[in-house]
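The block underneath contains the structure these notes are about, expressed in structure tokens.
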Amino acid sequence: MVLDTGSELSWLHCKKTQNFNSIFNPLSSKSYSPTPCSSPVCRTRTRTLPIPASCDQNKLCHATVSYADASSMEGNLASETFYIGNSARPGTIFGCMDTGFSSNSDEDSKTTGIMGLNRGSLSFITQMGFPKFSYCISGRDSSGILLFGEASFSWLKPLNYTPLIQITDPLPYFDRVAYTVQLEGIKVSEKVLPLPKSVFVPDHTGAGQTMVDSGTQFTFLLGPVYTALKNEYMQQTKGILRLLNDPNFVFQGAMDLCYLVPLNRPILPQLPKVSLMFRGAEMVVSGERLMYRVPGMVRGGNSVYCFTFGNSDLLGTEAFVIGHHHQQNLWMEFDLVKSRVGLAEVRCDLASQKLGLGV
């Protein structure tokens with residue numbers, strides 16, 4: 001399952017198609033139970049889902065989920081027994097999905113579904129009742145960690161914490177069940193972008209919150225902030241990297257700062273790091289995490305690499321979104337009791353080995 005701190009409902013593919021290597025077959029399970037429309041779960045606990053639940057022709061609770069990349073899934077809400085560690089959790093609510101549209105079927109075929117980890121009442125972490133969870137995403141391979149409960153390891157550096165921002169009033173553009181933190185500024189090398197702090201604060205409609213979202217790949221900034229970062233980064237990489245200079249090329253629809261790197265150059269030059277400054281903590285993006293090679297794209301003996309920050313305005317998203325690419329090799333802790341997010345730099349591949357060895 002894909003770990004997604006930006007969504008609520010966990011779901012599994014329940015219908016065999018040629019695209020999916022693995023599905024959940026409800027007919028093989030004695031503990032599977034579809035949720036009727038009349039149940040309190042369908043009527044009240046689905047309220048924080050972005051698309052309201054409905055009733056299908058069999059009087060079962062019908063759920064629809066959609067994502068920023070335009071993919072969507074539909075199916076029935078159901079309950080099932082999930083096992084975490086040695087403990088059984090009967091009656092866990094999830095989506096058993098049978099129809100949908102994917103914008104990236106190759107990637108989706110590698111997984112069976114999504115584990116929704118936001119703060120909504122149907123999210124996996126809320127249903128399990130754990131006070132905190134952590135994850136560690138390694139850079140290149142699939143080794144990594146998801147940990148429910150307390151992380152106390154001698155090899156883990158002390159975490160820096162930033163508080164979660166809570167807004168009680170419902171605002172049209174504010175996601176109240178997201179992990180919202182306060183971005184206060186951005187540095188390129190040691191130069192702080194000359195932006196007023198007010199540009200990072202949600203406005204009266206709730207637009208402009210900063211969400212930590214493991215289900216989004218890159219990091220997206222609202223237009224004025226993105227433009228300031230892009231201009232400063234272009235300035236600081238003059239003479240280090242060669243600009244693509246193709247106004248018609250925008251990677252993934254929102255990333256328009258791209259460079260040409262000779263195919264015979266095995267590694268990128270030393271690049272200025274970008275620091276995201278949160279209240280109480282800092283996320284430093286450096287080295288390989290700053291650039292992403294556009295797969296299969298070659299221009300005159302050059303690979304094309306794009307800056308891994310994009311423009312939220314081009315995505316149609318009214319928010320700052322911190323994606324998983326910039327969370328690589330960071331221990332990320334989500335403390336639900338103290339309402340805070342903690343982070344510390346760590347080599348996730350080594351941490352994964354240590355946990356595997358029980359140290």
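Distance CG/Leu222 to CD/Glu318: 7.0 Å, rounded to 0.5 Å. Interatomic distance, CG of Leu159 versus CG of Asp335, reported as 10.0 Å (0.5 Å rounding). The line from CE of Met211 to OH of Tyr179 is 13.5 Å long, rounded to the nearest 0.5 Å. Asp203 contributes atom CG, which lies 11.0 Å from atom CZ of Phe174 (distance to the nearest 0.5 angstrom). The structure places CG of Leu330 at 5.5 Å from CZ of Arg289, a figure rounded to the nearest 0.5 Å. A distance of 4.5 Å separates NE2 in His325 from OG1 in Thr308, rounded to the nearest 0.5 Å.
Between the side chains of Arg293 and Ser303, a donor-acceptor pair is found at a separation under 3.5 Å. Defined by atom type and a distance below 3.5 Å, a donor-acceptor pair is missing between the side-chain atoms of His324 and Gln217. Counted by atom type alone, Asp349 and Ser352 present zero donor-acceptor pairs between their side chains at under 3.5 Å. Side-chain atoms of Glu80 and Ser29 include a donor-acceptor pair closer than 3.5 Å. In this model, no donor atom of one side chain and acceptor atom of the other lie less than 3.5 Å apart for Thr92 and Gln127. Side chain to side chain, Tyr135 and Glu333 fail the donor-acceptor criterion of an N or O pair below 3.5 Å.
Here the options are Tyr305, Tyr259, Phe218, the test is ring-ring contact (aromatic ring centres under 6.0 Å, His included), and the partner is Tyr292; only Phe218 passes.
Both Leu257 and Leu229 are part of a single hydrophobic cluster, where members link through side-chain heavy atoms under 4.5 Å apart. By the rule that hydrophobic residues join a cluster once side-chain heavy atoms approach within less than 4.5 Å of another member, Val285 and Leu343 end up as members of one cluster. Residues Leu195 and Phe307 share a single hydrophobic cluster, defined by chaining ILVMFWY side chains whose heavy atoms lie under 4.5 Å apart. Ile240 and Tyr233 fall within the same hydrophobic cluster, where Ile, Leu, Val, Met, Phe, Trp and Tyr residues are linked whenever their side-chain heavy atoms come under 4.5 Å apart, directly or through other members. Grouping the Ile, Leu, Val, Met, Phe, Trp and Tyr side chains by contacts below 4.5 angstrom, directly or via other members, places Val341 with Leu276.
Proximity of Ile322 to Thr219: side-chain heavy atoms (C-beta onward) are separated by under 4.5 Å at one or more points. A heavy-atom distance below 4.5 Å is not found between the side chains of Leu263 and Asn302. Between Ile114 and Ser7, the closest side-chain pair of non-hydrogen atoms falls below 4.5 Å. At a threshold of 4.5 Å between non-hydrogen side-chain atoms, the residues Arg119 and Gln166 count as touching. Contact of the Met277 side chain with the Met283 side chain is not registered, since no non-hydrogen atoms from C-beta on lie closer than 4.5 Å. At least one side-chain heavy atom of Thr317 sits under 4.5 Å from a side-chain heavy atom of Val321. The side-chain heavy atoms of Pro36 and Lys59, taken from C-beta on, include no pair separated by under 4.5 Å. Looking at heavy atoms from C-beta onward, Phe249 lies in side-chain contact with Met297 at the 4.5 angstrom threshold.
Per the SG-SG cut-off, Cys42 and Cys37 are not bridged by a disulfide [distance not under 2.5 Å]. If you check the gamma sulfurs of Cys348 and Cys136, they are less than 2.5 Å from each other.
By the 4.0 Å N-to-carboxylate-O rule, Glu282 lies close enough to Lys187 to be salt-bridged with it. Comment: Glu190 engages Lys273 in a salt bridge, judged by a side-chain N to carboxylate O separation of less than 4.0 angstrom.
For Tyr32 against Ala78, the heavy-atom pair with the smallest separation is CE1-CB, 3.3 Å. Here the closest non-hydrogen pair linking Ala151 and Ser134 is CB-OG, 4.1 Å. Residue Gly75 comes nearest to Asp98 through the heavy atom pair CA-OD1, 3.9 Å, listed as atom of the first residue, atom of the second, then distance. The minimum heavy-atom distance between Val284 and Ser275, with the atom names listed, is CG2-OG, 3.9 Å. The two residues Thr48 and Ser121 make their nearest non-hydrogen contact at OG1-N, 4.1 Å. Of all heavy-atom pairs spanning Asn118 and Ile125, the tightest one is O-CG2, 3.6 Å.
When ring centroids are compared, Tyr226 and Phe220 stay outside the 6.0 Å threshold. Separation of the Phe94 and Phe24 ring centroids falls under the 6.0 Å cut-off. Phe309 has its ring centre less than 6.0 Å from the ring centre of His326.
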Take Ser189 and Gln236, measure what side-chain hydrogen bond (donor to acceptor under 3.5 Å, both in side chains) needs, and give me the verdict at the end.
CA-CA 9 Å; Ser189 293; Gln236 291 199 26; 3.0 Å; yes

Could you give me the CA-CA distance, side-chain angles and deciding distance for Asp56 and Asn76, then say whether side-chain hydrogen bond (donor to acceptor under 3.5 Å, both in side chains) is met?
CA-CA 9 Å; Asp56 71 9; Asn76 288 119; 3.1 Å; yes

Show, in sequence, the C-alpha distance, side-chain angles and deciding distance for Leu117 and Ser214, and conclude whether the side chain to side chain contact (heavy atoms under 4.5 Å, CB included) test is met.
CA-CA 9 Å; Leu117 288 169; Ser214 65; 5.7 Å; no

Please walk me through it: do Val212 and Val181 pass side chain to side chain contact (heavy atoms under 4.5 Å, CB included)?
CA-CA 7 Å; Val212 182; Val181 292; 4.0 Å; yes

Applying side-chain hydrogen bond (donor to acceptor under 3.5 Å, both in side chains) to Thr180 and Gln209, what does each step give before you reach the verdict?
CA-CA 6 Å; Thr180 300; Gln209 73 189 109; 2.7 Å; yes

Applying side chain to side chain contact (heavy atoms under 4.5 Å, CB included), run through Glu184 and Phe200 and close with a yes or a no.
CA-CA 6 Å; Glu184 295 190 328; Phe200 299 106; 5.7 Å; no

Step by step, work out the side-chain hydrogen bond (donor to acceptor under 3.5 Å, both in side chains) result for Gln328 and Ser138.
CA-CA 5 Å; Gln328 287 175 5; Ser138 65; over 6 Å; no

Begin from the C-alpha positions of Leu77 and Val41 and carry the test side chain to side chain contact (heavy atoms under 4.5 Å, CB included) through to its verdict.
CA-CA 9 Å; Leu77 274 197; Val41 167; 4.3 Å; yes

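Annotation: Glu288, atom CD; neighbour count of heavy atoms from other residues, nucleotides and ligands within 6.0 Å does not exceed 12. Other residues, nucleotides and ligands place more than 12 heavy atoms under 6.0 Å from the CZ atom of Phe148.
Geometrically, Arg89 does not engage Phe82 in a cation-pi contact defined by less than 6.0 Å to the ring centre and at most 45° from the axis.
Between the side chain of Arg242 and the backbone N or O of Val261, no donor-acceptor pair lies under 3.5 Å. Thr210 places no side-chain N or O within 3.5 Å of a backbone atom of Phe320 that could act as its donor or acceptor partner. Looking only at distances, no side-chain donor or acceptor of Asn160 sits under 3.5 Å from a matching main-chain atom of Ala281. Checked by atom type and distance alone, the side chain of Thr64 never pairs as donor or acceptor with a backbone atom of Glu74 at under 3.5 Å.
Ring geometry, Phe133 versus Phe334: the interplanar angle falls under 30°, so the pair is classed parallel (tilted spans 30 to 60°).
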